[in-house]
Amino acid sequence: MPQANVNGIQIEYETFGDKSSQALLLIGGLGVQLIYWQDEFCTKIADQGYYVIRYDNRDTGLSTKFNEVSLTEAMEKIGALFMGEKIPVPYSIEDMANDAAGLLDFLDINQAHICGMSMGGYIAQTFAINNSDRILSLTSIYSSPGNRKEFLPTQKVMEAMLTPAPEDRGKYIEHMVNFFKLVYGSGLPFDNSFHQNLFGRSYDRSFCPEGVARHYLAIMTQKTRDSDLKKLTIPALIIHGDDDPLAPLVGGKATADAIPNSKLKIIKGMGHALPNLEAYWSEILDEMVKHMSSV
């Protein structure tokens, strides 16, 4: 896959479809590699007439790692932030939004549809605030407009999320399957084989738990965006499940309330389910295409 020189770092990316079509930039969440955006999902959107771009955020996958802060140091910083201390972090959500803008610059794309899931929603919203003239539409999936107590995961999910992933491949896969089973929701059966395959590919491609911890530092120090989102005049689609213990529905509702004239799509029984057309994401794809085609 190609790499882009963006903001002094390397960003790994992949594209689907015809470059002359309207672009759709897909932004992943906490520790999410570009392969989490399912191949079939990307291909099906490209077949609808879009130039789909998926990429590894900084500090994940094959993009540049910020190894100056070790896993131990990152976990200590997370603890300090929970205690209310003001401490420096390696980078911010704003920096990650600038990476998204820089990738579009590298690809010579002036305007694009922007879609982010989870932490990627924070990045996508920040991109929209800072680059409103470059965004054709926004889709924010199981995300929120910033740091507020009511947006936090359940205690059980928080403890699982802060447990470092094992270094052994088999134990890593088991750890990840257990976590995503915990946050998946109750509306559809959990597909063990789909997730085992995805996490095996992810481990083989790049195992970087310290990058996940550094991502979480960016999440913990993000700005509250409600007032800035209220100034947006772009088409916005907010998608959220009503059974998400990692990102409660109140966060999606708050995002929709903040963005004028946005549409809120609530998916019954869905939690923090990863892209999979055999599950909730077929409905999400249809909603996204309908949303983008209306622009």
Hydrophobic cluster of Met83, others only, ordered by chain and residue number, side-chain cut-off 4.5 Å: none
Taking all atoms of both residues into account, what is the closest heavy-atom pair of Ser186 and Asp243, and its distance? OG-OD2, 2.7 Å
CA sep, side-chain torsions, deciding dist, call: Arg225, Asp228, salt bridge (Lys or Arg N to Asp or Glu O under 4.0 Å): CA-CA 5 Å; Arg225 292 176 292 277; Asp228 288 325; over 6 Å; no
Given Asp286 and Lys44, is the salt bridge (Lys or Arg N to Asp or Glu O under 4.0 Å) satisfied, shown in steps? CA-CA 10 Å; Asp286 291 342; Lys44 195 164 184 180; 5.6 Å; no
What pairs with Ser137 under side chain to side chain donor-acceptor pair (under 3.5 Å), at least two apart in sequence or on another chain? His113
For atom CD of Glu150, is the number of surrounding heavy atoms from other residues, nucleotides or ligands below 6.0 Å larger than 12? yes
For Ile109 and Leu25, run side-chain contact (heavy atoms from CB on, under 4.5 Å): C-alpha distance rounded to whole Å, both residues' side-chain angles, the deciding distance at 0.1 Å, then the answer. CA-CA 10 Å; Ile109 295 171; Leu25 183 66; over 6 Å; no
is_close_aromatic(Phe66, Tyr91), centroid dist under 6.0 Å: yes
Between OG1 on residue Thr126 and CD on residue Glu94, distance to nearest 0.5 Å: 5.0 Å
Same apolar cluster (I L V M F W Y, side chains within < 4.5 Å links), Val250/Ile141: no
Residues that Tyr184 engages under ring-ring contact (aromatic ring centres under 6.0 Å, His included), provided they are two or more places apart: Phe190, Tyr280
Report the C-alpha separation of Glu210 and Lys65 in whole Å, then their side-chain angles, then the decisive distance to 0.1 Å, and conclude whether the salt bridge (Lys or Arg N to Asp or Glu O under 4.0 Å) test is met. CA-CA 9 Å; Glu210 56 271 32; Lys65 305 297 193 302; over 6 Å; no
Determine, for Lys290 against Glu287, whether the closest basic-nitrogen to carboxylate-oxygen distance falls under 4.0 angstrom. yes
Answer yes or no: is there a side-chain heavy-atom contact under 4.5 Å between Met161 and Leu30? yes
Should Glu85 and Lys77 be marked as a salt bridge (Lys or Arg N to Asp or Glu O under 4.0 Å) after you check the CA-CA gap, both sets of side-chain angles, and the distance that decides it? CA-CA 9 Å; Glu85 297 180 29; Lys77 286 178 177 287; over 6 Å; no
Let me check something: do Leu24 and Leu136 share a hydrophobic cluster, defined by ILVMFWY side-chain heavy atoms less than 4.5 Å apart, either directly or through other members? no
Locate the shortest heavy-atom distance separating Ala74 from Arg214; write the atom from each residue and the value. CB-CG, 4.3 Å
Could you check whether the rings of Phe82 and Tyr216 sit parallel, tilted or perpendicular, using 30° and 60° as the cut-offs? tilted
Leu249, Phe151: one ILVMFWY side-chain cluster at the under-4.5 Å cut-off? no
The single option from Asp59, Asp99, Asp95 passing side-chain contact (heavy atoms from CB on, under 4.5 Å) against Ile9: Asp99
Can you check whether Tyr172 and Phe199 have ring centres sitting under 6.0 Å from each other? no
Any side-chain donor paired with an acceptor under 3.5 Å for Gln33 and Ser202? yes
May I ask you to say whether Arg205 pairs ionically with Asp56, meaning some side-chain N is under 4.0 Å from a carboxylate O? yes
